[in-house]
Q: 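Please see the structure below; I have some questions.
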Amino acid sequence: MRGPERRRAARAVAADHDGVVSRRLLAHAGIGWADVAAEVRAERWVRHGRQTVAVHTGPLTPLAQWWRAVWEVGHGIAALDGVTALLAAGLTGYDEQLVHVSIVHHHRVAPVEGVRQHTITRRRPDEVIRAGVPRVRPAVAAIRAAHWAASDRQAALILVLTVQQRLATPAALEDVSKVVRGRRRRALVQRVLRHLRHGAQTLGEVEPEALIEQVEAALRLTSAGG
């Protein structure tokens with residue numbers, strides 16, 4: 001395949017992934033390792049790991065970074081999870097530098113720069129949405145994100161934003177929390193979800209920061225009352 005034809009074919013494949021493409025997809029398009037090496041040497045393409053190639057030399061968009069994370073950890077093995085899956089579902093008002101993915105415990109994968117790998121015991125039936133970048137459904141992702149968060153406040157904020165932005169209902173989160181229990185914050189998660197269920201009708205009328213203060217105040221009262 002001649003250079004211009006090769007580049008057109010690669011751009012067509014990468015269009016669905018915000019400018020990045022996997023080695024597997026390139027191979028299906030008839031573009032091999034030697035072709036990639038030639039484009040990288042010419043400084044037209046950039047490698048972003050063993051499996052991911054950008055068909056440009058600029059920074060990666062969030063969507064491109066999400067695809068890279070899935071490909072580098074393992075296509076068919078990894079799925080966006082936790083807060084990253086929520087961001088992919090449209091969550092706003094929350095910043096996260098790392099890309100969070102989950103893999104089932106029997107897989108062994110080398111570390112990937114910029115990616116936090118979480119090992120889970122098993123996947124729930126149909127928990128992964130495979131249209132577009134593979135990602136865990138919001139209710140499951142939110143509960144896992146709360147358990148994986150760096151602090152209790154961060155965990156509560158994730159749950160609050162998920163409900164407030166209608167990515168999942170309090171009832172759906174409560175159902176998931178009975179199965180996806182995590183190793184941390186089980187009691188905290190249940191208290192936050194009870195508070196959100198009781199105040200669900202007014203969530204959209206309150207700013208997130210004010211709402212999280214309300215949640216924290218309610219949690220303090222609950223703890224003080226035993």
Q: Search all heavy atoms of Val104 against all heavy atoms of Thr121 and return the closest pair with its distance.
A: CG1-O, 3.6 Å
Q: Closer than 3.5 angstrom, by distance alone: can the side chain of Thr119 be matched with the main-chain N or O of His105 as a donor-acceptor pair?
A: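 It does not hold such a pair.
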Q: Does the pair Glu96/Arg116 count as a salt bridge with the N-to-O cut at 4.0 Å?
A: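 No, this pair does not count.
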Q: Can you confirm whether more than 12 heavy atoms, excluding those of His75, are under 6.0 Å from its NE2 atom?
A: no
Q: Minimum heavy-atom separation for Asp18 and His56, please, with both atom names.
A: O-NE2, 4.3 Å
Q: Which of these passes side-chain hydrogen bond (donor to acceptor under 3.5 Å, both in side chains) with Thr52: Arg68, His17, Glu72?
A: Glu72
Q: Might you point out which heavy atoms bring Arg185 and Ala146 nearest each other, and give the distance in Å?
A: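 In this case the closest contact between Arg185 and Ala146 is NH1-O, 3.0 Å.
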Q: Begin with the C-alpha distance, continue with both residues' side-chain angles, and end with the deciding distance and a verdict on side chain to side chain contact (heavy atoms under 4.5 Å, CB included) for Arg186 and Val189.
A: CA-CA 5 Å; Arg186 293 181 183 178; Val189 167; over 6 Å; no
Q: Any donor and acceptor pair, going by atom type alone, linking the side chain of Arg47 with main-chain N or O of Val40 inside 3.5 Å?
A: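 Here the side-chain-to-backbone pair does not exist.
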Q: Compare every heavy atom of Trp67 with every heavy atom of Val20, then report the nearest pair and how far apart it is.
A: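 In this case the closest contact between Val20 and Trp67 is CG2-CB, 4.2 Å.
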Q: Looking only at non-hydrogen atoms, find the nearest pair between Val70 and Ala78 and report the distance.
A: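 Minimum heavy-atom contact is CG1-O, 3.8 Å.
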Q: Can you name the closest pair of heavy atoms from Ala141 and Val136 and give their distance?
A: N-CG1, 3.8 Å
Q: Would Leu86 and Tyr94 satisfy side chain to side chain contact (heavy atoms under 4.5 Å, CB included), going step by step from the backbone distance to the final call?
A: CA-CA 10 Å; Leu86 295 173; Tyr94 193 95; over 6 Å; no
Q: Set out, in order, the CA-CA distance, both residues' side-chain angles and the distance that settles side chain to side chain donor-acceptor pair (under 3.5 Å) for Thr57 and Glu43, then state yes or no.
A: CA-CA 7 Å; Thr57 57; Glu43 299 184 346; over 6 Å; no
Q: Can you find a heavy atom in the side chain of Ile143 that is under 4.5 Å from one in the side chain of Leu173?
A: yes
Q: Checking the side chain of Arg137 only, and the main-chain atoms of Asp126 only, is there a donor and an acceptor separated by less than 3.5 Å?
A: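 Answer holds: yes.
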Q: Only one of His118, Arg123, Glu127, Gln117 clears side-chain hydrogen bond (donor to acceptor under 3.5 Å, both in side chains) with Ser102; which?
A: Arg123
